[in-house]
Q: 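Quick one: this structure, given as structure tokens, is what I'll be asking you about.
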2 protein chains.
Amino acid sequence: MSERAQIRILSVDDHPLLREGIAAVINSQSDMQLVADAANAHDAILQFRKNRPDVTLMDLRLPDMSGVDTTIAIRREFPNARIILLTTFEGDVEIQRALEAGARGYLLKSTPPKELLEVIREVHAGKKRIPSQIAAQLAEHLSDEDLTTREVEVLRQIAEGNRNRDIGEKLFITEETVKVHVKHIMEKLGASDRTQAVAIAIRRGIIHL
Amino acid sequence: MSERAQIRILSVDDHPLLREGIAAVINSQSDMQLVADAANAHDAILQFRKNRPDVTLMDLRLPDMSGVDTTIAIRREFPNARIILLTTFEGDVEIQRALEAGARGYLLKSTPPKELLEVIREVHAGKKRIPSQIAAQLAEHLSDEDLTTREVEVLRQIAEGNRNRDIGEKLFITEETVKVHVKHIMEKLGASDRTQAVAIAIRRGIIHL
DNA sequence: CTTTCCATAACGCTTTGGGGGTATGTGCGG
DNA sequence: CCGCACATACCCCCAAAGCGTTATGGAAAG
């Protein structure tokens with residue numbers, strides 16, 4: 001047993017059953033070792049500090065903080081941290097944010113264990129790896145303009161069934177300004193009306209319900 | 001080892017990592033045994049016929065058919081099948097459909113392994129078990145009127161950004177009739193406009209994107 | 001020091017949405 | 001057989017949404 005070469009792994013996920021599965025798959029490999037796990041962002045950061053894993057597998061949805069923000073927090077402290085995001089499925093916006101946050105990999109939870117192991121090894125070796133399926137989805141909206149902070153705020157209000165006038169009152173701007181934002185939102189998302197804009201934004205992960 | 005008393009379990013899920021986790025948890029128990037697993041509905045039905053498990057754990061989302069429909073199919077053939085639906089999280093409509101389909105339990109994938117084992121034992125013993133958290137969510141809309149088939153069709157069209165007039169043309173009815181449907185949809189969902197109706201419908205699992 | 005982007009605002013105009021009411025045919029369950 | 005739910009349709013009316021255009025101040029980027 002060449003202990004020296006083992007890849008030390010931290011698993012962060014709030015689904016205990018999935019953590020069990022990951023643990024089983026990883027511990028079946030002689031060149032890998034699961035050194036710790038965490039069910040939330042807070043614990044993940046503590047475990048990272050304590051164990052300094054070579055590779056971290058991180059769920060995108062955690063009870064206390066998003067996986068993306070947790071990734072940012074860890075990488076601020078440990079810029080060389082190699083983190084792979086693991087998720088059921090999210091819109092392209094989440095993927096983009098994850099990569100901007102410095103994630104080295106992005107995997108679906110439906111990934112076959114074989115591929116998970118491959119990606120862990122590649123990321124440990126310093127590579128980045130995004131499955132083609134996900135890369136394709138990302139590319140689809142690469143040229144799209146992002147919504148601004150304000151536009152997302154307005155969009156959230158729209159999804160809650162607020163009229164332009166009410167949105168204006170809540171955000172302390174005039175109805176006219178709201179209309180301008182709504183127009184830009186529809187243009188950027190390619191929606192024909194506010195309703196479709198909300199549907200598209202939910203699908204792409206721009207807003208959550 | 002009292003082999004005689006073992007609960008024979010079939011696991012149906014298209015996430016291999018989660019299947020691994022479930023397998024690990026179940027096989028750690030002396031009174032349970034995982035006898036087969038399947039990654040899709042078709043295989044699930046074949047495995048059920050072949051193995052006649054005491055308890056089946058079934059994901060709600062499968063590549064070829066929904067877990068609810070698979071449950072219906074299996075229970076048509078084996079009315080005594082004891083099936084527990086396992087899901088990440090869905091709207092109350094999915095839960096309701098699952099129970100109507102004859103599921104004996106409904107668990108979230110975030111359930112602690114201990115509870116999973118409890119539920120398996122209870123369902124095997126002939127009980128039904130729905131966690132209080134889920135039961136509460138279900139109860140929240142129990143008194144709500146269901147949308148009719150037509151109303152759901154109209155709602156889907158709305159989510160795609162169609163105007164009432166276009167919806168009418170697609171469904172071969174007048175714009176006036178569409179308006180009536182829209183009004184009923186908003187009333188039943190408690191939405192203030194069509195946009196919020198779509199948001200609520202997505203959250204509750206009435207329509208999917 | 002411009003140019004660009006963002007947020008803000010206003011005005012006029014047309015289309016669409018949503019509220020109210022009334023009505024008719026069909027099919028299903030008591 | 002009667003009632004009820006459903007889908008259909010038409011009416012009026014006004015509020016709201018969406019489209020085009022113009023404009024201004026601030027911040028960031030070049």
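Lettering follows sequence order; numbering is per chain, from 1.
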Q: Output the rounded distance in Å from NE2 (His184(A)) to P (dC6(C)).
A: 9 Å
Q: Using atom CZ of Arg165(B) as one end and atom P of dG18(C) as the other, report the distance to the nearest whole Å.
A: 15 Å
Q: If the cut-off is 4.0 Å, is His181(A) near the phosphate of dC6(C), judged by side-chain N/O to OP1 or OP2?
A: no
Q: Charged N to carboxylate O under 4.0 angstrom, Asp37(B) versus Arg19(B)?
A: yes
Q: For dT8(D), does OP1 or OP2 lie under 4.0 Å from any side-chain N or O of Arg150(B)?
A: yes
Q: Taking only N and O in the side chain of Arg194(B), is any of them less than 4.0 Å away from OP1 or OP2 of dG17(C)?
A: yes
Q: Return yes if the base of dG18(C) and the side-chain atoms of Lys183(B) contain a donor-acceptor N/O pair under 3.5 Å, otherwise no.
A: no
Q: How close do Leu10(A) and Leu34(A) get, heavy atom to heavy atom, and via which atoms?
A: C-CD1, 4.5 Å
Q: Looking just at side-chain N and O atoms, do Gln6(A) and Asp31(A) make a donor-acceptor pair shorter than 3.5 Å?
A: no
Q: Which listed nucleotide (dG18(D), dC10(D), dA7(C)) is nearest to the side chain of Glu151(A)?
A: dA7(C)
Q: Give the rounded distance in Å between these two atoms: CG of Asp193(A) and C1' of dA17(D).
A: 9 Å
Q: Side-chain N or O of Thr148(B) less than 4.0 angstrom from OP1 or OP2 on dA7(D)?
A: yes
Q: How many Å lie between CD on Glu175(A) and C1' on dG12(C), as a whole number?
A: 14 Å
Q: Looking only at side-chain atoms of Asn164(B), point me to the closest of dT8(D), dA17(D), dG17(C).
A: dG17(C)
Q: Rounded off to whole Å, could you give me the CD1-to-P distance for the Ile185(B) and dG17(C) pair?
A: 13 Å
Q: Any salt bridge linking Arg204(A) with Glu94(A)? Criterion: basic side-chain nitrogen under 4.0 Å from a carboxylate oxygen.
A: no
Q: Round to the nearest Å and state the distance from Glu169(B) atom CD to dT8(D) atom C1'.
A: 17 Å
Q: Assess whether a salt bridge exists between Glu90(A) and Arg97(A), defined as any Lys/Arg side-chain N lying under 4.0 Å from an Asp/Glu carboxylate O.
A: no
Q: Can you tell me how far P of dA7(C) sits from CG of Leu155(A), to the nearest Å?
A: 13 Å
Q: In whole angstrom, give the distance that lies between atom NZ of Lys179(A) and atom C1' of dC11(C).
A: 10 Å
Q: Between Thr174(B) and Glu145(B), which is nearer to the 5' end of DNA chain D once each is assigned its nearest nucleotide?
A: Glu145(B)
Q: Between dG18(C), dA9(C), dA7(C), which nucleotide gets closest to the side-chain atoms of Ile173(A)?
A: dA9(C)
Q: Can a donor-acceptor pair under 3.5 Å be found between the side-chain atoms of Glu176(B) and the base atoms of dC11(D)?
A: yes
Q: Find which nucleotide of DNA chain C each of Thr177(A) and Lys188(A) is nearest to by heavy atoms, and output the residue with the more 5' nucleotide.
A: Lys188(A)
